[in-house]
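Shown next, in structure tokens, is the structure this report addresses.
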There are 2 protein chains.
Amino acid sequence: MAYRETKKTRKHKEQVHKQILSVARAAVAEGGFAAVQMSSVAAAAGLATGTLYRHFPSKAELLAEVFRRVTKREVQVMTEIAGSDGAAPSRLGDAVEVFARRALQSPVLAYALIFEPVDTLVDDERLAFRRSYAVVLGRIIDDGIKSGTFPAQNTSVVANCIVGALAEALIGPLVDKTPTTCREREAEIRAIVTFCLNAVSGNQKGIA
Amino acid sequence: MAYRETKKTRKHKEQVHKQILSVARAAVAEGGFAAVQMSSVAAAAGLATGTLYRHFPSKAELLAEVFRRVTKREVQVMTEIAGSDGAAPSRLGDAVEVFARRALQSPVLAYALIFEPVDTLVDDERLAFRRSYAVVLGRIIDDGIKSGTFPAQNTSVVANCIVGALAEALIGPLVDKTPTTCREREAEIRAIVTFCLNAVSGNQKGIA
DNA sequence: ATTTAAAATGAATTAGGATTCATATCTTGG
DNA sequence: CCAAGATATGAATCCTAATTCATTTTAAAT
């Protein structure tokens with residue numbers, strides 16, 4: 001009798017879905033979550049505002065989905081590094097460095113992912129994101145402890161500290177918006193990596 | 001002819017001003033900045049909403065003032081520690097420990113000061129707050145470098161990293177809202193202090 | 001007691017963007 | 001081409017607090 005879902009329609013629907021996500025993602029990368037407005041996203045995607053709501057139940061869900069997608073990629077990259085072979089210190093250094101490098105590459109996006117508060121949904125995702133990072137780092141550290149390269153330590157606290165150190169060190173310059181040179185950035189990355197490696201390898205356990 | 005400002009009226013005005021700040025501060029400590037509503041503050045202070053606006057030009061300014069006050073105290077505490085005599089590692093350890101301890105004492109307030117985004121005014125204050133902290137820590141580290149206790153390093157980056165590590169490590173548990181025991185908290189504080197001391201004292205500079 | 005002006009009141013206004021929904025436009029199978 | 005149902009549209013509606021302001025109350029000085 002009438003209209004059935006068809007390969008063609010399904011495909012189109014998916015296209016639009018993707019298109020919306022892509023536009024929203026671009027908006028976040030451009031100005032952070034705060035800069036995303038449903039009407040702007042719709043306009044940029046060549047759709048009417050209402051149309052967004054037939055793909056996403058709410059703005060919050062749309063943003064959460066954007067967050068999830070971007071984040072997934074980041075964690076994958078990190079996970080790969082963690083799983084590569086090589087000594088724990090080298091892997092840890094790589095992981096930290098890659099994190100730093102990627103964040104400095106898209107600073108607004110990095111800020112949005114790491115800090116910018118939005119709403120409960122996204123905040124939950126952010127929490128999960130940070131935890132994922134900490135878990136990946138924690139695995140490397142555990143490996144190092146097992147193999148005797150690192151001294152015994154409270155892995156999860158240490159992993160969280162590293163995530164925080166990274167976040168803070170990277171966000172500071174972002175906010176200062178002093179247009180740092182490439183050379184300065186490299187020096188900063190090296191300082192951060194050193195900081196983290198020292199923290200994990202150190203032998204000051206007795207002091208505290 | 002009429003109404004002049006008088007000792008009595010001025011005193012009263014100050015009282016109300018203080019009262020508003022106090023109520024607002026309590027609201028922040030209770031539920032973060034997001035939980036503050038002008039009408040609630042007014043009600044809690046026994047005033048009409050409009051009255052708040054004769055003491056503060058806007059909600060943003062009120063919150064910024066609350067932030068400034070709380071923050072000032074924290075930085076003072078930290079500055080005292082930094083200025084005390086004793087070896088750099090011991091002072092650094094104390095500073096980190098005190099920060100951690102105070103934050104765990106009033107977790108919601110700590111979250112609000114360290115993370116919660118509000119508006120431009122407060123965010124600027126937060127930036128200044130973090131920078132103050134980093135500056136204080138940086139001084140200790142510089143002392144340590146001068147006296148040969150710590151190896152040479154990029155003081156400002158390292159100081160930022162410490163602030164971040166502290167923030168992250170302290171906020172994580174807050175959000176998890178697992179009711180940690182006192183013992184666990186102590187262990188965590190120790191882990192954080194160790195982490196920071198290791199990071200600053202480490203000798204892995206060549207690795208990165 | 002009265003005048004003058006500050007201070008307080010709180011209901012009404014405002015603002016800005018998310019969300020809805022009646023209407024119009026497509027798609028599909030017959 | 002038609003009927004039936006899915007989709008798309010975007011102007012109108014809703015929501016939520018901050019902010020305003022006409023009115024009332026209070027304090028000071030004469």
Side-chain angles (χ1 to χ4, degrees), chain A residues 1-21 23-24 27-28 30-66 116-123, chain B residues 1-21 23-24 27-28 30-66 116-123:
Chain A
M1 295 155 185
Y3 206 119
R4 287 287 161 72
E5 195 182 46
T6 252
K7 208 188 298 180
K8 187 184 167 196
T9 56
R10 198 175 310 126
K11 197 169 185 178
H12 176 247
K13 197 170 189 174
E14 276 165 26
Q15 290 265 304
V16 173
H17 197 88
K18 257 189 208 166
Q19 165 73 351
I20 294 172
L21 281 170
V23 166
V28 173
E30 175 72 24
F33 286 109
V36 178
Q37 268 159 249
M38 294 304 262
S39 53
S40 313
V41 170
L47 301 167
T49 310
T51 306
L52 300 185
Y53 286 85
R54 106 183 348 277
H55 292 269
F56 300 91
S58 69
K59 182 186 184 182
E61 298 266 11
L62 167 57
L63 293 184
E65 181 64 22
V66 169
E116 195 189 353
V118 193
D119 57 62
T120 317
L121 274 183
V122 169
D123 289 353
Chain B
M1 294 156 183
Y3 206 119
R4 289 285 161 76
E5 196 181 46
T6 253
K7 207 187 300 180
K8 188 183 167 196
T9 57
R10 198 176 308 126
K11 196 171 185 177
H12 176 247
K13 196 169 191 175
E14 277 165 26
Q15 289 266 303
V16 173
H17 198 87
K18 258 189 209 166
Q19 165 73 351
I20 294 172
L21 280 169
V23 166
V28 173
E30 176 71 23
F33 286 109
V36 178
Q37 268 158 252
M38 293 304 262
S39 53
S40 313
V41 170
L47 301 168
T49 309
T51 306
L52 300 186
Y53 286 86
R54 98 182 357 272
H55 292 269
F56 299 92
S58 70
K59 182 186 183 182
E61 298 266 13
L62 168 58
L63 293 185
E65 181 64 22
V66 169
E116 195 187 354
V118 195
D119 59 60
T120 316
L121 274 183
V122 169
D123 290 353

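Below, each value reflects all heavy atoms present in this structure, side chains not excepted, and no hydrogens, waters or symmetry copies. Every chain is numbered from 1, with letters handed out A, B, ... down the list of sequences.
The listed nucleotides are dG29(C), dA28(D), dT19(C); the one nearest the side chain of Thr6(A) is dG29(C).
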Which atoms of nucleotides 12-17 of chain D (N or O only) lie under 3.5 Å from a protein N or O atom, and what are those distances?
none

Under 3.5 Å, N/O pairs linking protein and nucleotides 8-11 of chain C:
residue: dT9(C); atom: OP2; partner: Ala48(B); partner atom: N; Å: 2.7
residue: dT9(C); atom: OP2; partner: Thr51(B); partner atom: OG1; Å: 2.6
residue: dG10(C); atom: N7; partner: Gly50(B); partner atom: N; Å: 3.3

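A sub-4.0 Å separation between OP1 or OP2 of dA7(C) and a side-chain N or O of Lys13(B) is present.
Partners of Glu65(A) by salt bridge (Lys or Arg N to Asp or Glu O under 4.0 Å), not counting sequence neighbours, listed by chain and number: Arg68(A), Arg69(A). Not counting sequence neighbours, the partners of Asp123(A) by the side-chain hydrogen bond (donor to acceptor under 3.5 Å, both in side chains) test are Arg126(A).
Closest approach of Ala24(B) and Val66(B) over heavy atoms only: CB-CG2, 3.7 Å.
Rounded to whole Å, atom P of dA18(C) lies 15 Å from atom CG of Leu121(A). A straight line from CG of Leu63(A) to P of dG17(C) spans 14 Å, rounded to a whole angstrom. When the C1' atom of dA18(D) is taken as reference, atom CD of Glu61(B) falls 14 Å away, rounded to whole Å. Tyr53(A) has its OH atom 4 Å from the P atom of dT19(C), to the nearest Å. Rounding to whole angstrom units, CZ of residue Arg10(A) and P of dC26(C) are separated by 22 Å. Nucleotide dT7(D) holds its C1' atom 16 Å from the CZ atom of Phe56(A), rounded to whole Å. Between the NZ atom of Lys8(A) and the P atom of dC26(C) there is a distance of 12 Å, given to the nearest Å.
Using a distance-only test at 3.5 Å, with no hydrogens or angles considered, a donor-acceptor pair links the side chain of Glu116(B) to the main chain of Phe33(B).
Applying the salt bridge (Lys or Arg N to Asp or Glu O under 4.0 Å) rule to pairs touching residues 7-20 of chain A yields Glu5(A)-Arg10(A), sequence neighbours excluded.
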Please report, to 0.1 Å, the donor-acceptor pairs under 3.5 Å made by any side chain of residues 42-59 of chain A, with sequence neighbours excluded.
residue: Thr51(A); atom: OG1; partner: Ala48(A); partner atom: O; Å: 3.4
residue: Ser58(A); atom: OG; partner: Ala60(A); partner atom: N; Å: 3.4
residue: Ser58(A); atom: OG; partner: Glu61(A); partner atom: N; Å: 3.2
residue: Lys59(A); atom: NZ; partner: Val36(A); partner atom: O; Å: 2.9

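Within the 4.5 Å cutoff, side-chain heavy atoms of Leu62(A) are placed close to those of Met38(A).
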